[in-house]
Amino acid sequence: MHDANPIAGLIILIVGLVVYFLPTMIAIKRRMRRQAGVGVLNTFLGWTFLGWVGALVWAVSGDKEDDAGTRR
């Protein structure tokens, strides 16, 4: 019988969540104008591969804001 290691399970869960929400984190880091849209798409359709890829593409290609809050 194999013993389940709870620490390994927790690490796998955390890594999985980071990968799942990577598009949202990229949108926040890039200070996108539509961060909430990327986050909603990622949250509700990220479980589908197409939804996750769509959120990732949107996060890396969307408009950014400069320090004054205008489009760049």
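Everything quoted here is computed from the prediction, not taken from an experiment.
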Look only at the side chain of R30 and the backbone of V60, and say whether a donor-acceptor pair between them is shorter than 3.5 Å.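 Yes.
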For the CD atom of Q35 and the CE atom of M25, what is their distance to the nearest 0.5 Å?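 CE of M25 is found 13.0 Å from CD of Q35.
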Interatomic distance, I12 atom CD1 to I7 atom CD1 [nearest 0.5 angstrom]: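 Between I12 CD1 and I7 CD1, I get 12.0 Å after rounding to 0.5 Å.
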Residues that, via side-chain heavy atoms closer than 4.5 angstrom, fall in one hydrophobic cluster with F44: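 In the cluster with F44 are V40.
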Apart from V38 itself, which Ile, Leu, Val, Met, Phe, Trp or Tyr residues share its cluster (side-chain heavy atoms under 4.5 Å, direct or through members)?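 Result for V38 is M32, L41, L45, W58.
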Is it true that F49 and L56 fall in one hydrophobic cluster, defined by side-chain heavy atoms closer than 4.5 Å?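 Linked, F49 and L56 end up in one cluster.
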Please say yes or no: joined through hydrophobic side-chain contacts below 4.5 Å, possibly via intermediate residues, are L13 and F21 part of one cluster?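 Yes, because L13 and F21 connect within a single hydrophobic cluster, where side-chain heavy atoms sit under 4.5 Å apart.
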Any pair with a residue in residues 14-26 that passes side-chain hydrogen bond (donor to acceptor under 3.5 Å, both in side chains), sequence neighbours left out, goes on the list, sorted by first then second residue, please.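 Only T24-N42 qualify under side-chain hydrogen bond (donor to acceptor under 3.5 Å, both in side chains).
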Compare every heavy atom of A59 with every heavy atom of P23, then report the nearest pair and how far apart it is.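 Result for this residue pair: O-CB, 3.3 Å.
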Closest non-hydrogen atom pair, G46 against W52: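 Shortest heavy-atom separation between G46 and W52 comes out as O-CB, 3.4 Å.
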For atom CG of L17, decide whether the heavy atoms of other residues, nucleotides or ligands shown that lie under 6.0 angstrom number more than 12.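 More than 12 heavy atoms, drawn from other residues, nucleotides or ligands, come within 6.0 Å of this atom.
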pair R34-D63: side-chain heavy atoms closer than 4.5 Å: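 When only atoms from C-beta onward are counted, D63 and R34 do not touch, as no gap falls below 4.5 Å.
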